[in-house]
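Contents: one structure, followed by commentary.
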Amino acid sequence: MNNFAYQLKINLKRFLLRNPFFFIFTVSLPAIFYLIYTKVAITDAPAGWNKRFLVSMIVYGILINSLSTLSRILSSDDKKGFKLFVKLSPTSLSSYYANIFLIFEFMNLIAVSAVALVGVFINKVNLSFENWLILLVAVPILCLPFALIGVLISFVGDENAVGALANLLMFTIAILSGLWWPLNMMPDYLQKIGKIMPAYPASQLSLDLLLKQNMNGNQLQTLFIWLIVLILILGLVVKNKGRKA
């Protein structure tokens, strides 16, 4: 346990204190977008828009953290031999991954809190204690498929390729899923594509929970299918990589 706590301390310094990318993009970017879309770009928004878009930007922040930050961390550790170092140390690989997962979720909490606090103090969004629990606990759980995509991206190759693919997928998913603007503003064929993207059901189900509405069964099914398919793909990738090692 002492080794795990020490590794946690080291990784917190590596991934948070020495990682300006996280604070600039994962934390600040969604909060800035939230302010632009609620204070500048849209002045005659319908009732409830501030809370709805708050959820979208929170999901967007977790998407950035999963696809960009997590994939870069895992890829960098692999290329720099950090995983090999862990194998040769008293700390096991399972402990290393558990450590990464805890820090990743802590980073999600920071990203979620940043957008939520902007909503509360600047846009006067009313968030109850139950709302905060939903945002800090339920929303990251609904966004778990993002983390699996981030892990898959980390297997692509060098860090430049990982970064390029992460950014491409991140912006594609964000745009097509309606995180930046309502899905009904897009052509019908793009709406159909957007609704099967993992970010769409994640954001809609999160909003259902926040507004105390019944969760959509089709969206739950879509998210569950994504989770199962990504787990299977990840298992095949890890197994194939193990054979080549």
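Computed from a predicted model, the values in this text were never measured in an experiment.
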Are the side chains of L176 and Y200 in touch, meaning some heavy atoms are under 4.5 Å apart?
no
Go through the side-chain N and O atoms of N131 and S128 and say whether any donor and acceptor fall under 3.5 Å apart.
yes
Testing the 3.5 Å rule here: is there a donor-acceptor pair between the side chains of N50 and T38?
no
Please check: side-chain N/O of N123 versus main-chain N/O of G119, any donor-acceptor pairing under 3.5 Å?
no
Any V139 side-chain heavy atom under 4.5 Å of V112 side chain
no
Is it the case that the side chain of Q191 and the backbone of M186 share a donor-acceptor pair, with hydrogens and angles ignored and the cut-off at 3.5 Å?
yes
Point-to-point distance, once rounded to the nearest 0.5 Å, from OG of S66 to CG of L144:
8.5 Å
Do NZ/NE/NH1/NH2 and the carboxylate oxygens of R14 and D77 come within less than 4.0 Å?
yes
So how far is it from E130 CD to K212 NZ, rounded to the nearest 0.5 Å?
4.5 Å
ILVMFWY network linking M197 to F224, side-chain heavy atoms under 4.5 angstrom:
no
Heavy atoms of other groups near D158 CG, more than 12 under 6.0 Å
yes
Atom pair CD (Q213) and CG (L205), whose distance is rounded to the nearest 0.5 Å:
11.0 Å
Is any side-chain heavy atom of F104 closer than 4.5 Å to a side-chain heavy atom of I73?
no
Closest heavy-atom contact between I153 and A166?
CD1-CA, 3.9 Å
Does some side-chain heavy atom of L148 sit less than 4.5 Å from a side-chain heavy atom of L152?
no
Report the relative orientation of the aromatic rings in Y34 and F53; use parallel for angles under 30°, tilted for 30 to 60°, perpendicular for over 60°.
parallel
Is N167 reaching over with its side chain to a backbone N or O of G163, donor-acceptor style, under 3.5 angstrom?
yes
Given the options I62, N65, N108, C143 meets side chain to side chain contact (heavy atoms under 4.5 Å, CB included) only with I62
Using the rule that Ile, Leu, Val, Met, Phe, Trp and Tyr join whenever any side-chain heavy atoms are under 4.5 Å apart, tell me whether F22 and I24 fall into a single cluster.
yes
Please report the C-alpha distance between L127 and L54 in whole Å, then the side-chain angles of each, then the deciding distance to 0.1 Å, and finally whether the side chain to side chain contact (heavy atoms under 4.5 Å, CB included) criterion is met.
CA-CA 11 Å; L127 294 177; L54 177 80; 4.2 Å; yes
Would F21 and S68 satisfy side chain to side chain contact (heavy atoms under 4.5 Å, CB included), going step by step from the backbone distance to the final call?
CA-CA 9 Å; F21 176 90; S68 290; 3.7 Å; yes
Do V115 and V27 touch side chain to side chain, with heavy atoms closer than 4.5 Å?
no
Parallel, tilted or perpendicular, as decided by the 30° and 60° cut-offs, for the rings of Y60 and F33:
parallel
To the closest 0.5 Å, what do you measure between CD1 (I64) and CZ (F25)?
8.5 Å
Does the side chain of V118 come within less than 4.5 Å of V125's, by heavy atoms?
no
Do the side chains of L179 and I175 get nearer than 4.5 Å, heavy atoms only?
no
Gap between atom CG of N126 and atom NZ of K124 - 0.5 Å precision
11.5 Å
Just by distance, with hydrogens left out, do T69 and T26 show a side-chain donor and acceptor under 3.5 Å apart?
yes
Nearest heavy-atom contact between D208 and N216 is OD2-N, 3.6 Å
List the atom of L67, the atom of F146, and the distance in Å for their closest heavy-atom pair.
CD1-O, 3.6 Å
In terms of heavy-atom contacts, L230 and P145 come closest through CD1-O, 3.4 Å
Does the side chain of F23 reach to within under 4.5 Å of the side chain of M107, using non-hydrogen atoms?
no
Please report the shortest heavy-atom distance between V55 and S203, naming the atom on each side.
CG1-O, 3.6 Å
Hey, any chance I196 and W180 share a hydrophobic cluster, counting ILVMFWY side chains that come within less than 4.5 Å of each other, even indirectly?
no
Quick one: do D78 and L74 satisfy side chain to side chain contact (heavy atoms under 4.5 Å, CB included)? Show the steps, please.
CA-CA 6 Å; D78 189 44; L74 294 175; over 6 Å; no
Under 4.5 Å between side-chain heavy atoms, counting indirect links through other Ile/Leu/Val/Met/Phe/Trp/Tyr residues: same cluster for W181 and I58 or not?
yes
Rounded distance (nearest 0.5 Å) linking atom CG of L136 with atom CD1 of I110:
11.5 Å
For the hydrophobic clusters of this structure (ILVMFWY residues joined by side-chain heavy atoms under 4.5 Å, transitively), does one cluster hold both V162 and V238?
yes
Atom of A161, atom of V156 and distance for their closest heavy-atom approach:
CB-CG1, 4.0 Å
May I have the step-by-step check of side chain to side chain contact (heavy atoms under 4.5 Å, CB included) for K51 and L211, ending in yes or no?
CA-CA 9 Å; K51 183 171 282 190; L211 300 179; 3.9 Å; yes
